[in-house]
Amino acid sequence: MVALRVASAVLFGLVGVVALMMARRGLTAKSLLPFHQAAAGRPWTELSPGEKSVATALTRALGLGFLTAGLALLTAGVTALAHQSVATYGLAATALVFCVGLGLINRRLTLDTTVDTPWKGSLYAAVAILVALALYGIA
């Protein structure tokens, strides 16, 4: 039974690390990924500034998704071996990363395009998660 838990933790961890590597690629993107550019059917240089801003924001959101998945998988690996209360903190932290990241991506899009995005809502959600974590820690 313990060997199966260790094996599951290792597999969760391996896929989590791959997801984190993909997250880095997406979060640091300055343009569409090469296969996205090919699928778009026209080169990056032909996109308007607004299209470039949206495409970069979406690519970074893809990276944020990989970051969230990677953290969730690492949490799954740890909780396969550790006390289950680790899951509460790990999963809440994963959601916190997503909310803050989404808020930052949308705020940057607002600054780049002057279009109002719902970036503040993501930060309000992050504050609510922090309060919930504090209440859980006190309980």
Side-chain angles (χ1 to χ4, degrees):
M1 194 66 139
V2 172
L4 294 177
R5 283 185 174 254
V6 170
S8 72
V10 168
L11 289 173
F12 284 141
L14 288 173
V15 178
V17 168
V18 170
L20 292 178
M21 291 187 314
M22 293 301 298
R24 182 174 181 264
R25 187 173 180 193
L27 288 169
T28 60
K30 303 275 190 251
S31 66
L32 286 170
L33 298 176
F35 62 93
H36 289 149
Q37 286 186 42
R42 56 187 190 167
W44 181 255
T45 54
E46 290 183 10
L47 298 179
S48 72
E51 289 171 323
K52 287 179 180 179
S53 293
V54 170
T56 302
L58 291 173
T59 302
R60 289 184 179 144
L62 174 67
L64 182 59
F66 275 115
L67 177 61
T68 304
L71 293 174
L73 287 165
L74 293 178
T75 299
V78 170
T79 58
L81 303 173
H83 192 273
Q84 294 302 305
S85 68
V86 172
T88 299
Y89 290 108
L91 294 172
T94 300
L96 184 63
V97 166
F98 179 77
C99 291
V100 170
L102 189 60
L104 293 173
I105 288 168
N106 280 332
R107 177 65 177 148
R108 184 177 210 163
L109 184 59
T110 293
L111 294 173
D112 288 349
T113 64
T114 68
V115 172
D116 191 27
T117 64
W119 65 273
K120 291 178 186 174
S122 297
L123 297 184
Y124 295 145
V127 170
I129 292 167
L130 288 171
V131 171
L133 278 169
L135 294 173
Y136 181 79
I138 293 168

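These figures come from a predicted structure and were not determined experimentally.
A distance of 12.5 Å separates CG of Leu104 from CG of Leu109, quoted to the nearest 0.5 Å. Going from atom CG of Leu96 over to atom CG of Leu91 covers 12.5 Å, rounded to the nearest 0.5 Å. Here the CZ-CZ distance, from Phe66 to Arg24, works out to 15.0 Å after rounding to the nearest 0.5 Å.
Following chains of ILVMFWY side-chain contacts shorter than 4.5 Å, one can reach Leu67 starting from Leu74, so the two form part of one hydrophobic cluster. Val100 and Val131 end up in different hydrophobic clusters when Ile, Leu, Val, Met, Phe, Trp and Tyr side chains are linked at under 4.5 Å. The cluster map of Ile, Leu, Val, Met, Phe, Trp and Tyr, joined by side-chain heavy atoms under 4.5 Å apart, puts Leu71 and Phe98 in the same cluster.
Annotation: salt bridge (Lys or Arg N to Asp or Glu O under 4.0 Å) contacts involving residues 32-61, sequence neighbours excluded, comprise Arg42-Glu51. Pairs of residues two or more places apart, or lying in two chains, that qualify as ring pair (Phe, Tyr, Trp, His ring centres under 6.0 Å) and include a residue from residues 114-139 are Tyr89-Tyr136.
Contact of the Thr56 side chain with the Arg108 side chain is not registered, since no non-hydrogen atoms from C-beta on lie closer than 4.5 Å.
In this view, Thr110 and Thr117 satisfy the side chain to side chain donor-acceptor pair (under 3.5 Å) rule, not counting sequence neighbours. Every residue was checked against the side chain to side chain donor-acceptor pair (under 3.5 Å) condition with Thr59, not counting sequence neighbours, and none meets it. Not counting sequence neighbours, Thr45 has no partner by the side chain to side chain donor-acceptor pair (under 3.5 Å) test.
Nearest heavy atom pair, residue Ala92 against residue Leu133, reads CB-CD2, 3.5 Å. Between Ala55 and Leu32, the shortest heavy-atom distance links the atoms CB-CD2, 3.6 Å. For the residue pair Asp112 and Ser53, the shortest heavy atom distance occurs at CB-OG, 3.6 Å.
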Please tabulate, for the side chains in residues 2-20, all donor-acceptor contacts under 3.5 angstrom to protein atoms that are two or more places apart in sequence or on a different chain.
unit_1, atom_1, unit_2, atom_2, d
Arg5, NH1, Ala80, O, 2.9
Ser8, OG, Arg5, O, 2.8

* For His36 and Leu62, what are the C-alpha separation, side-chain angles and deciding distance, and is it a side-chain contact (heavy atoms from CB on, under 4.5 Å)? -> CA-CA 12 Å; His36 289 149; Leu62 174 67; 3.8 Å; yes
